[in-house]
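Let me begin by presenting the structure, written as structure tokens, before commenting on it.
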Amino acid sequence: MDRCLRLSTLFSLRLLLTQALLCLCVMGRYHNNKLQRAGKLGVLSATTTGEEASVASLISKDLFEQLFTHRNDVVCPAHGFYTYEAFLAAAAMFNGFATTGDVLRVNFNSTMPGGWETAPDGPFAWGLCYKEELNAAARYCSPSVEWPCASGKKYYGRGPMQLSWNYNYGQAGVALGFDGINNPDLVASNAIISFKTTIWFWMSPQAPKLSCHAVIIDEWKPTTTDIAAKCTPGFGVTTNIINGGLECGRGSDPRVLDRVGYFERYCAILGVHPGKNLDCATQKSF
């Protein structure tokens, strides 16, 4: 998700957006209300006071409304669902979310389709427009002893991050305290759980993949193998983590370009530079 890379609010928050996410993820420490702009990796640096950031101090309700301008438009299937209050309630569950790091970085990665090409204010102003995958016919059931699919249940994309597949619903449910295998629809009917699944996915590594969070706070250092695969720090790596098998290493891909478009819009609103390596066109998937 590079969430301009250190305020990570994923959502990714298309995705969260766009794929409605964007994975709107926010990470960092808030210091003294004195934010200064820097060019590297879309960093927002701040004077240290030792005061940890709360998500609300980083993303105000007014800013949330500006980022997701049209999410409550009547043409959006998810209108009225994604509230600022639900986002804050979900974020409060996660240690390290918006309290990790000594500088602020913003990362937004989106996976749900948002606006159309000629949409008012442009296609990237329509984040969080959807809460369920469009025209989902597939069941998204992978044979699993640990996470067996429940009869009649489908595990298609739901929520800001478009959580998909039985094994992801199962793991998210255990981590967040709901029955993801038997009640996957909860991700599209309970806004707090919906946001929680997005932040959980952002924060949690799933071998052999690292977490998007680790990329954003610079815990991840590319190995020689990563470098050979052209996986180097930047927004593009979070897309690789989220959906690299389908979107990365394929040259120019409209899905990836959508993610980059949302990301660049959010960076512009926040007044930070998006940094380098925004796409994963030449990256080998993890």
Side-chain angles (χ1 to χ4, degrees), residues 1-13 15-31 35 44 46 51-68 71 78 81-112 127-128 131 158-163 168 171-178 180 186-205 211-217 219 238 241-242 262-263 266 269-270:
M1 111 240 188
D2 278 7
R3 307 148 209 55
C4 264
L5 259 88
R6 236 184 208 169
L7 226 162
S8 126
T9 305
L10 141 112
F11 285 103
S12 266
L13 286 177
L15 286 169
L16 233 199
L17 300 187
T18 75
Q19 284 193 7
L21 251 169
L22 239 190
C23 187
L24 171 73
C25 293
V26 182
M27 291 278 165
R29 280 181 192 275
Y30 181 77
H31 303 301
L35 298 180
L44 287 169
E51 179 185 9
E52 289 188 348
S54 69
V55 175
S57 71
L58 298 173
I59 302 294
S60 67
K61 186 168 186 176
D62 285 346
L63 179 56
F64 188 84
E65 296 298 331
Q66 185 180 4
L67 292 168
F68 308 113
R71 76 184 190 285
F81 182 68
Y82 293 114
T83 67
Y84 177 68
E85 292 73 22
F87 167 59
L88 292 184
M93 175 181 174
F94 295 86
N95 293 326
F97 187 73
T99 60
T100 298
D102 51 10
V103 297
L104 302 177
R105 299 195 184 193
V106 183
N107 181 348
F108 300 91
N109 199 324
S110 166
T111 78
M112 258 183 79
L128 293 181
K131 60 179 181 176
R158 297 178 178 89
M161 194 77 179
Q162 290 295 273
L163 190 73
N168 281 323
Q171 292 178 80
V174 169
L176 302 174
F178 74 98
L186 202 58
V187 179
S189 63
N190 183 307
I192 295 176
I193 288 178
S194 192
F195 276 126
K196 281 182 178 181
T197 61
T198 290
I199 300 173
W200 167 81
F201 190 95
W202 189 264
M203 301 287 288
S204 305
S211 70
C212 296
H213 174 59
V215 174
I216 298 311
I217 65 170
E219 285 183 353
T238 61
I241 292 170
I242 292 168
Y262 278 103
F263 181 59
Y266 299 134
I269 290 173
L270 292 162

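Bear in mind that the values here come from a model prediction, so they are computed numbers and not experimental data.
For the side chain to side chain contact (heavy atoms under 4.5 Å, CB included) test, residues two or more places apart in sequence or in another chain that qualify with L88 are V55, A56, Y84. Every residue meeting the side chain to side chain contact (heavy atoms under 4.5 Å, CB included) condition with S211, not counting sequence neighbours, appears here in chain and number order: P205, H213, A214. Not counting sequence neighbours, the partners of A78 by the side chain to side chain contact (heavy atoms under 4.5 Å, CB included) test are F81, Y82, K131. In this view, N168 and Q206 satisfy the side chain to side chain donor-acceptor pair (under 3.5 Å) rule, not counting sequence neighbours. With sequence neighbours excluded, no residue forms a side chain to side chain donor-acceptor pair (under 3.5 Å) with Q66. For S189, the side chain to side chain contact (heavy atoms under 4.5 Å, CB included) partners two or more places apart in sequence, or in a different chain, are L186.
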task = Go through the steps to decide whether M93 and I199 satisfy the test side-chain contact (heavy atoms from CB on, under 4.5 Å), and finish with yes or no.
result = CA-CA 9 Å; M93 175 181 174; I199 300 173; over 6 Å; no
request  = Go through the steps to decide whether L58 and L63 satisfy the test side-chain contact (heavy atoms from CB on, under 4.5 Å), and finish with yes or no.
outcome  = CA-CA 9 Å; L58 298 173; L63 179 56; over 6 Å; no
task = With side-chain contact (heavy atoms from CB on, under 4.5 Å) as the test, would you mind laying out the steps for Y266 and F68 before giving the verdict?
result = CA-CA 10 Å; Y266 299 134; F68 308 113; 3.6 Å; yes
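Across all non-hydrogen atoms, the minimal contact from R71 to L128 is CB-O, 3.5 Å. Pairing each heavy atom of A175 with each of W200, the nearest pair is CB-NE1, 3.5 Å. Of all heavy-atom pairs spanning A172 and T197, the tightest one is CB-CG2, 4.5 Å. Here the shortest heavy-atom pairing between A89 and I192 reads CB-CD1, 3.9 Å. Across all their heavy atoms, I241 and C212 have their closest contact at CG2-SG, 3.8 Å.
Between L163 and T198, the closest side-chain pair of non-hydrogen atoms is not below 4.5 Å.
Going from atom CZ of F178 over to atom NZ of K196 covers 9.5 Å, rounded to the nearest 0.5 Å.
In this pair, F195 and F64 present their aromatic rings perpendicular. The plane angle is above 60°, beyond the 30 to 60° band.
A salt bridge (Lys or Arg N to Asp or Glu O under 4.0 Å) check over residues 86-96, counting only residues at least two apart or in different chains, returns nothing. Residue pairs meeting the salt bridge (Lys or Arg N to Asp or Glu O under 4.0 Å) criterion with at least one member in residues 84-93, sequence neighbours excluded: K61-E85.
A donor-acceptor pair is defined here as one N or O able to donate and one able to accept, closer than 3.5 Å; no such pair exists between the side chain of S194 and the backbone of A188.
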